[in-house]
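We're numbering straight along the sequence, starting at 1. Remember, it's a predicted structure, so these values are computed and weren't measured experimentally.
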Amino acid sequence: MGNGKEIVTIGDELSHISLYTEIQNHRFDFGIRLEIAVEDESLLNAAIPKISLQPIVENAFLHGIMEKPDKTGHIRIRIETDCGNIRILIADDGVGMTEEQIRRATRPLAPDQRHGYGLSNIHNRFQLFYGASYGLSFHSGHGGGTTVTVRLPRQPIREQGGNE
């Protein structure tokens, strides 16, 4: 999980997601299919705050797919460029989100909620790291799956000192 580093590569995050999905599949009868598509392999070396993508996949699994009667489904991740930035689309075929759930997912955290890896925390972390034009956006229809879009600047991973 980053060997003490705050910033890792997108490739590292995808490895973490693959392991998470493998563990969940062992627990829940192999009902989740994970598909990852990367537009350009160099995107795998781009920088991203650690533990940014796995919680999105975890939400898709727990609150989307596991809420379906058959508890099976697909999670698709697509990584692509968008006007010099990186766009990561994480889509599931779960039960979807209501408008209220989407609002809660990106609203600012209360002062006593600064810990954890919820979606609002991830959104806020991206905005703190990169600015207000970056972060998470959602497209969902209740009962029709959810797509979370992550937008971040394309930056190569840099060597980090011991105090980062």
Side-chain angles (χ1 to χ4, degrees), residues 1-39 43-44 46-80 86-110 112-130 134-152 157:
M1 291 190 14
N3 295 320
K5 296 177 182 175
E6 185 66 24
I7 303 294
V8 297
T9 66
I10 288 175
D12 291 337
E13 282 289 293
L14 292 176
S15 293
H16 188 138
I17 288 168
S18 294
L19 289 171
Y20 169 81
T21 304
E22 185 177 324
I23 290 167
Q24 294 300 3
N25 269 325
H26 281 286
R27 290 181 63 206
F28 296 103
D29 296 325
F30 299 91
I32 305 298
R33 193 164 72 201
L34 176 65
E35 298 173 18
I36 299 173
V38 182
E39 174 185 271
L43 295 173
L44 296 174
I48 190 169
K50 73 177 178 181
I51 313 174
S52 295
L53 302 179
Q54 183 272 336
I56 299 169
V57 171
E58 184 175 347
N59 273 354
F61 176 76
L62 294 175
H63 303 294
I65 295 169
M66 293 306 290
E67 296 294 323
K68 292 170 58 177
D70 65 0
K71 300 190 183 330
T72 64
H74 293 77
I75 297 173
R76 294 175 184 87
I77 301 173
R78 177 159 176 78
I79 302 170
E80 57 194 26
I86 296 174
R87 181 172 46 206
I88 303 169
L89 297 109
I90 301 172
D92 68 71
D93 61 357
V95 298
M97 297 173 72
T98 65
E99 287 297 320
E100 176 57 26
Q101 289 170 316
I102 291 171
R103 276 193 295 279
R104 280 195 316 246
T106 57
R107 74 174 171 218
L109 296 173
D112 62 342
Q113 293 180 307
R114 293 287 177 205
H115 302 289
Y117 292 105
L119 297 180
S120 61
N121 190 8
I122 294 167
H123 177 69
N124 291 326
R125 283 174 63 212
F126 279 123
Q127 292 194 329
L128 286 171
F129 270 90
Y130 304 121
Y134 298 99
L136 307 181
S137 61
F138 297 81
H139 176 72
S140 186
H142 194 63
T146 300
T147 299
V148 178
T149 302
V150 178
R151 186 171 180 272
L152 61 142
I157 193 79

Check the pair Ile77, Leu53 against side-chain contact (heavy atoms from CB on, under 4.5 Å), reporting the backbone distance first and the verdict last.
CA-CA 10 Å; Ile77 301 173; Leu53 302 179; 5.9 Å; no

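- Side-chain contact between Ile88 and Ile10 is present, with heavy atoms from C-beta onward closer than 4.5 Å.
- A distance of 11.0 Å separates CG in Asn25 from CZ in Arg33, rounded to the nearest 0.5 Å.
- The main-chain N or O of Ile51 is found under 3.5 Å from a side-chain atom of Glu13 such that the two form a donor-acceptor pair.
- Arg76 contributes no side-chain N or O that, together with a main-chain N or O of Leu89, makes up a donor-acceptor pair within less than 3.5 Å.
- Summarising the geometry, atom CD1 belonging to Ile17 is positioned 6.5 Å from atom CD1 belonging to Ile36; distances are rounded to the nearest 0.5 Å.
- Without hydrogens or angle criteria, His123 side chain to Leu136 main chain gives a donor-acceptor distance under 3.5 Å.
- The distance from the CD atom of Glu100 to the CZ atom of Arg103 is 4.5 Å, given to the nearest 0.5 Å.
- One distance of note links CG of Leu14 with CG of Leu19; it measures 11.0 Å at 0.5 Å rounding.
- What you find for Leu119 and Pro55 is that their closest heavy atoms are CD2-O, 4.4 Å.
- Among all heavy-atom pairs drawn from Met66 and Lys71, the shortest one is O-NZ, 3.0 Å.
- Counting only heavy atoms from C-beta outward, the side chains of Glu6 and Arg125 approach each other to under 4.5 Å.
- To the nearest 0.5 Å, atoms CD1 (Ile90) and CD1 (Ile75) are separated by 9.0 Å.
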For Arg78 and Glu39, what are the C-alpha separation, side-chain angles and deciding distance, and is it a side-chain contact (heavy atoms from CB on, under 4.5 Å)?
CA-CA 8 Å; Arg78 177 159 176 78; Glu39 174 185 271; 4.2 Å; yes

List the steps, then state whether side-chain contact (heavy atoms from CB on, under 4.5 Å) holds for Glu35 with His74.
CA-CA 8 Å; Glu35 298 173 18; His74 293 77; 3.6 Å; yes

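- Ion pairing between Asp93 and Lys68 holds under the 4.0 Å rule for side-chain N and carboxylate O.
- With values rounded to the nearest 0.5 angstrom, Gln54 atom CD is found 9.5 Å from Asn59 atom CG.
- A distance-only check finds a donor-acceptor pair linking the side chain of Asp70 to the backbone of Thr72 [under 3.5 Å].
- Under the 3.5 Å distance criterion, the side-chain polar atoms of Ser140 are matched with a main-chain donor or acceptor of Gly145.
- A pairwise comparison of heavy atoms in Val95 and His63 identifies CG2-O, 3.5 Å as the closest pair.
- Between Phe126 and Tyr130, the ring-plane angle classifies as parallel under the 30° and 60° cut-offs.
- In plain terms, the two heavy atoms of Gly96 and Thr146 that are nearest each other are CA-OG1, 3.4 Å.
- Counted by atom type alone, Thr9 and Asp12 present one or more donor-acceptor pairs between their side chains at under 3.5 Å.
- Residue Ile56 comes nearest to Ser52 through the heavy atom pair CD1-O, 3.5 Å, listed as atom of the first residue, atom of the second, then distance.
- Relative ring orientation between Phe28 and Phe61 is described as tilted, the plane-to-plane angle lying within the 30° to 60° band.
- Between the side chain of Glu80 and the backbone N or O of Ile86, no donor-acceptor pair lies under 3.5 Å.
- In terms of heavy atoms, Leu152 sits closest to Ala47 at CD1-O, 3.4 Å.
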